[in-house]
Amino acid sequence: MELPFVVVTILFCLGIYTIITQKNLIKIVLGFTIVESSLILIFVLVSYQPGGTAPILDKAYHLVVDPIPQALALTSIVIGGSVTAVMLALVIKIQKRYRTLNVDKLRKLKG
Amino acid sequence: MVKKLYKLGLVVSLGMFLFVLFSDIHNLDRTSKNYLSEHYISEGVQETGAINLVTSVLYDYRAFDTLGEATVLLTAATILAFLVPVTKADMLGTTFTIIVYQATKYLIPFIAVLGVYVIMFGHLSPGGGFVGGVVMALIPILLSLTYGIDFSEYKLTPNTKKVVEDIGAIGFILLGLLAVLTGNNFLANGQAGFPLGNAGELISAGLIPYLNVMIGIKVGAGLAIIFNSLMKEQ
């Protein structure tokens, strides 16, 4: 019963661990996306009801799941995609300017 | 070594905190009445005319939220177009066999039909403007991947895509202002007296299909701009 929440917790912690330990900027962006997908899974788990159907009322239905978390999950997916794209563009700029992706070597200012 | 252990301990303590938090979410009182979603499920079809309740939440009850969401995508596309300024396009060095070119050529009409279907039936079936827009954005992406980015930008110039995206954004706001003209709130649909029609038909649900179309072309053009900007970097 508690297993899905354990999986979500492990995914979230994996993403945070990736962000604070990895040196490569691309891997840090990957960590952000892992955290984001774990939060989308939380939305799915909150709205889950045993035996419920999708909230489309076109035929006889018995039990319908809550539509609000699904709409919020859509919002989260769109904004996550946009933020990931902007992060990757910044990574491209950093690579062009400093010729490295290692965060330890990016400490010193240049120019 | 100590630093690594420190980070690991930090993450494990965060995990324990999150597990307690999520267990509390799990043990919430499910039997108590959930007035908001109960109202959406029981009254949503009569009030908005859309049988897909997620669409009715996205484009009627919380349409202002969707406008903000679309603005985030517009901002991301604009930032990418500014951040990655490229005057010379990068040709992909690969050439495929004729099978790939012909398969792409025959696939594109089907993708277009699927995207238009998903957008137009957003209030009747799973899908909607965002999903359909992503499907439509596959067309320029496929062109860029197989025929090279020069051909893709020759067929659909970046200025065209930018204009299409602006048409989507401005059209959404103008459709919302239609409700203001009738003396109601911004983006009101059923309350403003737009004809809702019979629930379950294609032309029904007042403003919702038109808002879907606007969001669809906006998301499609925005994603195409984002992909080409990221790929063009030399």
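Protein chains get the first letters and strands the later ones, always in sequence-line order, with residue 1 at the start of each.
With a 4.5 angstrom heavy-atom cutoff, B/Tyr40 touches chain A only via side-chain atoms. Residue B/Leu223: no heavy atom, backbone or side chain, is found under 4.5 Å from chain A. Residue contact with chain A, scored on non-hydrogen atoms closer than 4.5 Å, involves the backbone of B/Ser125 exclusively. Proximity to chain B is limited to the side chain of A/Leu72, based on heavy atoms less than 4.5 angstrom apart. Proximity to chain B is limited to the backbone of A/Val65, based on heavy atoms less than 4.5 angstrom apart. Neither the backbone nor the side chain of B/Lys3 comes within contact range of chain A; no heavy atom of the residue lies under 4.5 Å from a heavy atom of that chain. In this structure, the portion of A/Phe12 lying under 4.5 Å from any heavy atom of chain B is its side chain and not its backbone. With a 4.5 angstrom heavy-atom cutoff, B/Leu73 touches chain A via backbone and side-chain atoms both.
Of all heavy-atom pairs between B/Gly15 and A/Cys13, the closest is CA-SG, 3.2 Å. When all heavy atoms are compared, the tightest approach of B/Leu80 to A/Ala89 is CD2-CB, 3.0 Å.
Put simply, OG1 on A/Thr9 and CZ on B/Phe17 are 11.0 Å apart, with the number rounded to the nearest 0.5 Å. Within the model, atoms CG of B/Leu18 and CG of A/Leu11 stand 12.0 Å from one another, a figure rounded to the nearest 0.5 Å. For the atom pair A/Ile16 CD1 and B/Leu14 CG, the distance stands at 6.0 Å (nearest 0.5 Å). From B/Thr66, atom OG1 reaches atom CG of A/Leu74 across 8.0 Å, with rounding to the nearest 0.5 Å. A distance of 5.5 Å separates CG in B/Leu10 from CD1 in A/Ile20, rounded to the nearest 0.5 Å. To the nearest 0.5 Å, the span separating OG on B/Ser229 from CG on A/Leu88 amounts to 12.5 Å.
Residue with the most contacts toward chain B among A/Val86, A/Ile10, A/Val78, A/Val8: A/Val78 (heavy-atom pairs, distance under 4.5 Å). Of the listed residues A/Ile68, A/Val83, A/Thr21, A/Leu14, the one with more heavy-atom pairs under 4.5 angstrom with chain B than any other is A/Ile68.
More than 12 heavy atoms of other residues, nucleotides or ligands lie within 6.0 Å of NZ in B/Lys7, so this atom counts as buried by the packing criterion. Counting non-hydrogen atoms of other residues, nucleotides and ligands closer than 6.0 Å to CZ of B/Phe19 gives a total above 12. The number of heavy-atom neighbours closer than 6.0 Å to CZ of B/Phe186, taken from other residues, nucleotides and ligands shown, is above 12.
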